[in-house]
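As structure tokens, the structure follows; a few thoughts come after it.
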Amino acid sequence: MDDTLEVMKKSYQRFLAVGLGLMLIAFLLMIWQPLGRQNSLILAVIVFLVAFLPLEFARRIARKMALVALKGE
């Protein structure tokens, strides 16, 4: 059980870090607008939407981790 939880924890942390990093990039694009106002906002929205994919995977892994920990498998 400990090995399973450890592997799940590492993948959870990776997905969470990638998702939060992409959100940070999206917010920085909105604030600094390096490509001009409209282009930066469009790119920021796209990056923001893509950031939800790894965050969703992290949420699902966290749910599975909780189930494994509660069942004691």
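Residues: numbered from 1 along the sequence shown.
- Arg14 is linked by a salt bridge (charged side-chain N to carboxylate O under 4.0 Å, His left out) to nothing, counting only residues two or more places apart in sequence or in another chain.
- Under the rule for a side-chain contact (heavy atoms from CB on, under 4.5 Å), the partners of Gln38 that lie at least two apart in sequence or sit in another chain are Ile42.
- Members clustered with Leu24: Leu28, Ile31, Trp32, by chain and number, using a 4.5 Å side-chain heavy-atom cutoff among hydrophobic residues.
- At a threshold of 4.5 Å between side-chain heavy atoms, the hydrophobic network of Ile, Leu, Val, Met, Phe, Trp and Tyr places Leu41 and Met23 in one connected group.
- Note on residues 31-42: no pairs pass salt bridge (Lys or Arg N to Asp or Glu O under 4.0 Å), not counting sequence neighbours.
- Nearest heavy-atom pair, Leu22 versus Val50, reported as atom, atom and distance to 0.1 Å: CD1-CG1, 4.3 Å.
- Here Phe48 pairs with Phe27, Phe52 under the ring pair (Phe, Tyr, Trp, His ring centres under 6.0 Å) rule; sequence neighbours left out.
- Note on Phe57 and Leu20: same hydrophobic cluster, where clusters join Ile, Leu, Val, Met, Phe, Trp and Tyr whose side-chain heavy atoms are under 4.5 Å apart, directly or indirectly.
- For residues 40-60, every residue pair satisfying the salt bridge (Lys or Arg N to Asp or Glu O under 4.0 Å) rule, not counting sequence neighbours, is listed here: Glu56-Arg59, Glu56-Arg60.
- The side-chain contact (heavy atoms from CB on, under 4.5 Å) search around Leu35 returns Asn39, Ser40, Leu43, not counting sequence neighbours.
- A search for side-chain contact (heavy atoms from CB on, under 4.5 Å) contacts involving Tyr12 returns Leu16, Ala58, Ile61, Ala62, Met65, not counting sequence neighbours.
- Hydrophobic clustering places Met8 together with Leu55 (ILVMFWY residues linked when any side-chain heavy atoms are closer than 4.5 Å, directly or through intermediates).
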